[in-house]
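Have a look at the structure below before the remarks.
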Amino acid sequence: MCGIVAYLGKKEAFPILIKGLQRLEYRGYDSAGVALFNGDLHVYKKKGKVQDLLDFTDEKNTDGTIGIGHTRWATHGKPDDLNAHPHTSSNGRLVLVHNGIIENYATLKAALEKLGHTFKSQTDTEVLVHLIEELQEREGLPIGEAVRLALTKVIGAYAIVVMDRKDPNTLVAARKQSPLVVGIGRDEFLLASDATPIIEHTKQVIYLNDSEIAVVRRNGSYEIRNIMENQIQDPFIQQLELEIEALEKGGFDYFMLKEIHEQPKTIADCMRGRMNADEGWIRLGGLEEYTNRLVNAQRLLIVACGTSWHAGLVAEYLFEELARIPVEVEYASEFRYRNPVITDKDVVIAISQSGETADTLAAIELAKEYGALVYGIVNSVGSSIARTSHAGSYIHAGPEIGVASTKAFTGQVTLLTMMALSLGFKRGYIPKSRMQLLLRELEQVPQKIEQVLKVNEQCRYISSEIKDFHNALYLGRGFNFPVALEGALKLKEISYIHAEGYPAAEMKHGPIALIDENMPVIVICTNKSAYEKIVSNIQEVKARKGQVIAIVNEGDTHIRSMADYVIEIPDTDELFTPLLSVIPLQLLSYHIAVMRGCNVDQPRNLAKSVTVE
Ligand code: AGP
């Protein structure tokens with residue numbers, strides 16, 4: 001899921017492109033490149049990070065007030081200088097950057113090779129710039145029309161920006177499935193995969209809709225058309241609410257650590273104005289609009305990927321417990337191809353931090369085809385899932401830059417908790433007095449997380465003890481089983497240690513065979529309802545010499561007498577324990593990864609939003 005950025009205006013483009021690519025680097029960091037025009041076309045691209053590109057362009061001609069840039073997450077063709085973007089047409093006239101996958105590139109390539117085109121890279125993208133070149137030359141078309149016509153022949157996902165050296169006062173951009181934002185500045189335009197490179201230049205943006213193409217010109221004029229029908233579209237200009245500070249590390253070594261420490265505030269922001277404990281109410285804008293459909297839904301289908309799927313799993317426990325409504329939690333990638341049974345009495349809840357995850361988007365489209373109501377739970381404002389869902393709620397966690405999701409997870413769980421409480425109340429399963437009690441306890445969660453964050457040093461110490469193990473097991477029961485999965489995912493994705501999360505009781509049905517003195521076992525023991533069961537699980541692990549790291553409620557001396565390491569967290573209602581018990585797991589994975597010298601914010605092979613299948 002690459003990051004693309006482009007600039008057209010009066011300022012020098014190069015520094016703006018580089019800053020933009022650094023902001024987008026969480027989307028992919030296999031290679032980076034820029035193309036600039038200053039009477040001549042200069043293309044610079046390099047395997048590795050944006051910094052490698054910066055070093056490579058030192059002493060080179062990087063002048064010009066028009067340019068395009070790219071940071072890559074490799075799909076077709078390995079990370080190297082040749083496969084890096086931008087890609088150039090054979091006549092050297094056109095350059096293009098692309099985020100997405102051209103699914104029919106092989107067919108197009110074969111046809112173009114028959115017409116004498118030769119290709120330098122293994123990428124699908126290079127085929128696209130040759131196709132535009134072919135149509136432009138054959139039909140003598142202006143760049144905008146050549147790009148549009150070419151895209152009518154393309155199958156797949158794309159966000160692209162194209163520059164034509166014979167028309168250096170114009171940039172052409174288009175999108176289908178992959179996100180693209182147009183920033184309208186004073187005498188300048190910025191185009192980018194998301195708003196982060198645009199915010200410091202202008203707050204006026206247009207989120208391109210699917211299958212739209214934009215042509216922007218140096219004289220300040222621009223037009224947006226739909227690709228297939230070639231009709232002019234009325235642009236919907238939005239004001240960005242994002243603040244630049246939110247994109248800085250704020251003195252932390254890594255965005256992930258900053259985002260872990262932001263959670264007391266982000267959870268409070270997620271609750272603000274949406275609940276009142278004294279009066280015992282919860283109000284979620286999107287939910288109010290579709291109350292009847294939600295309250296009378298026959299089933300909730302939750303679709304998501306990765307960490308968002310774990311939040312969905314916590315929600316399954318919450319909705320069934322509080323609202324007595326059947327819930328199924330689906331991996332979006334499986335759901336969309338499984339031919340699932342969906343009816344218009346179902347409500348589909350789509351959970352996504354980025355709001356751009358391709359599989360979740362496709363699952364939404366499928367649900368809509370069957371008439372189900374789609375409720376989006378999203379962090380990124382203006383993202384595709386937010387715009388394509390029938391209704392929804394933002395979690396207000398602010399930009400999440402670290403690839404490993406942390407504050408978005410607790411934001412999603414907080415939002416889903418409020419939704420479950422609201423539905424439970426509306427369906428008559430929660431009397432007002434209990435609602436008030438639970439809301440008072442939920443209101444305490446941000447301050448309790450402040451307390452949990454005080455275990456940071458202890459987590460750093462335990463991490464130094466277990467950082468060299470090659471495997472780890474995470475165990476939890478009930479609401480904390482999904483948290484065990486989430487803890488394992490965090491460790492896997494940033495420290496590259498193989499880890500698995502399991503329902504604690506499931507351990508005896510296989511994973512216990514893995515346990516010996518080299519297996520750290522992180523056990524979440526905060527559930528009152530299954531306390532004795534968890535104690536037995538710890539004894540089973542200790543009987544096989546496993547190293548036990550136990551997350552316990554404050555003052556729990558019983559487990560302290562059995563475990564090798566104990567991390568205490570404040571007590572809360574069992575319903576809300578995932579919001580507290582996940583924090584030490586985030587910190588453990590963070591410190592272990594740092595101690596193993598891993599790039600915590602940009603782990604290998606990963607990207608922040610997965611916009612291709
Ligand atoms: C989590 O740390 C990962 N970044 C990844 O699993 C992520 O949760 C998944 O790709 C889903 O992303 P989304 O929430 O933006 O849809």
Side-chain angles (χ1 to χ4, degrees), residues 1 3 25-29 73 177-179 193-194 196 254-257 259-260 263 266 302-315 329-336 348-364 374 376-389 392-395 397-413 415-416 474 482-483 485-496 499 501 582 585-590 593 598-613:
M1 304 25 78
E25 204 161 22
Y26 66 86
R27 301 177 62 88
Y29 24 88
W73 190 88
Q177 290 170 24
S178 301
S193 297
D194 64 37
T196 54
Y254 282 101
F255 280 106
M256 183 181 178
L257 191 61
E259 288 154 7
I260 291 173
Q263 292 176 103
T266 52
I302 298 178
V303 294
C305 304
T307 286
S308 297
W309 185 81
H310 294 150
L313 217 48
V314 174
V329 185
E330 304 278 354
Y331 280 119
S333 53
E334 286 302 310
F335 181 78
R336 61 174 298 187
V348 168
I349 299 178
I351 309 172
S352 176
Q353 184 289 125
S354 63
E356 300 294 351
T357 301
D359 286 316
T360 309
L361 268 167
I364 289 172
V374 175
I377 295 185
V378 172
N379 189 34
S380 296
V381 176
S383 58
S384 305
I385 291 178
R387 287 181 288 128
T388 194
S389 301
S393 301
Y394 285 121
I395 64 171
E400 188 175 66
I401 311 287
V403 168
S405 185
T406 53
K407 63 177 182 175
F409 175 73
T410 51
Q412 290 159 348
V413 172
L415 204 278
L416 289 156
Y474 288 74
V483 178
L485 292 176
E486 177 57 11
L489 176 62
K490 290 284 95 73
L491 191 69
K492 274 185 272 205
E493 65 181 323
I494 60 172
S495 75
Y496 319 142
V582 73
L585 306 189
Q586 295 169 345
L587 289 167
L588 283 172
S589 63
Y590 170 81
C598 303
N599 182 331
V600 170
D601 282 344
Q602 296 172 353
R604 70 185 186 200
N605 305 343
L606 287 179
K608 184 65 185 170
S609 83
V610 182
T611 55
V612 292
E613 282 187 56

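Note that ligands are numbered from 1 as they come in the structure, with each ligand's atoms numbered from 1 the same way.
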Subject >> Numbered atoms and elements of ligand 1 in range of A404, under 4.0 angstrom, heavy atoms >> reply: 2 (O)
Original post:
Which option, N379, T611, V403, D359, owns the non-hydrogen atom nearest atom 4 (N) of ligand 1?
Top reply: V403
**OP:** Would you mind telling me which of S380, S383, S384 makes a side-chain hydrogen bond (donor to acceptor under 3.5 Å, both in side chains) with E356?
**Re:** S384
**OP:** Would you check the N or O atoms of S352, main chain and side chain alike, for any that come under 3.5 Å of an N or O of ligand 1?
**Re:** yes
**OP:** For S405, counting its heavy atoms only, list the atoms of ligand 1 lying under 4.0 Å from any of them.
**Re:** 1 (C), 2 (O)
Subject >> Heavy atom of the protein closest to atom 6 (O) of ligand 1 (residue, atom name, distance) >> reply: G306 CA, 3.3 Å
**OP:** Could you establish whether C305 and ligand 1 come within less than 4.0 Å of each other, counting only heavy atoms on the residue side?
**Re:** yes
Original post:
Are the side chains of N379 and S354 in touch, meaning some heavy atoms are under 4.5 Å apart?
Top reply: no
Original post:
So among V329, V582, L489, which one has a side chain to side chain contact (heavy atoms under 4.5 Å, CB included) with H310?
Top reply: L489
Original post:
Judged by modelled atom types alone, do Q353 and T307 share a side-chain donor-acceptor pair under 3.5 Å?
Top reply: no
Original post:
What atoms in ligand 1 come closer than 4.0 Å to a heavy atom of S308?
Top reply: 8 (O), 13 (P), 14 (O)
Original post:
Counting only heavy atoms, which portion of S609 has something under 4.0 Å from ligand 1: side chain, backbone, both, or neither?
Top reply: neither
Original post:
When you measure from atom 1 (C) of ligand 1 to every protein heavy atom, which one gives the shortest distance, and what is it?
Top reply: T307 OG1, 3.1 Å
Original post:
Is there a donor in the side chain of S333 and an acceptor in the side chain of E613, or the other way round, less than 3.5 Å apart?
Top reply: no
**OP:** Classify the angle between the aromatic ring planes of Y590 and Y254 as parallel (below 30°), tilted (30 to 60°) or perpendicular (above 60°).
**Re:** perpendicular
**OP:** Report yes if the side chains of D601 and V403 come closer than 4.5 Å at any heavy-atom pair, otherwise no.
**Re:** no
Subject >> Nearest-contact summary for atom 12 (O) of ligand 1 - protein heavy atom, Å >> reply: T357 OG1, 3.5 Å
Original post:
Short list, please: which atoms of ligand 1 are under 4.0 Å from a heavy atom of K490?
Top reply: 1 (C), 2 (O)
Original post:
With no hydrogens and no angle check, do the side chains of T196 and D194 hold a donor and an acceptor under 3.5 Å apart?
Top reply: yes
Original post:
Tell me: protein heavy atom nearest atom 3 (C) of ligand 1, and distance?
Top reply: E493 OE1, 3.4 Å
Subject >> Closest to atom 10 (O) of ligand 1 among V610, L606, I351 (heavy-atom distance) >> reply: V610
Original post:
Quick one: does E356 get a heavy atom under 4.0 Å from ligand 1?
Top reply: no
Subject >> side-chain hydrogen bond (donor to acceptor under 3.5 Å, both in side chains) partner of Q412, the single match among S352, S405, S308 >> reply: S308
Original post:
Which of the atoms of ligand 1 are close to Q353, meaning less than 4.0 Å from one of its heavy atoms?
Top reply: 13 (P), 14 (O), 15 (O), 16 (O)
Original post:
Per the side-chain hydrogen bond (donor to acceptor under 3.5 Å, both in side chains) rule, which among Q263, K490, E259 passes with Q586?
Top reply: Q263
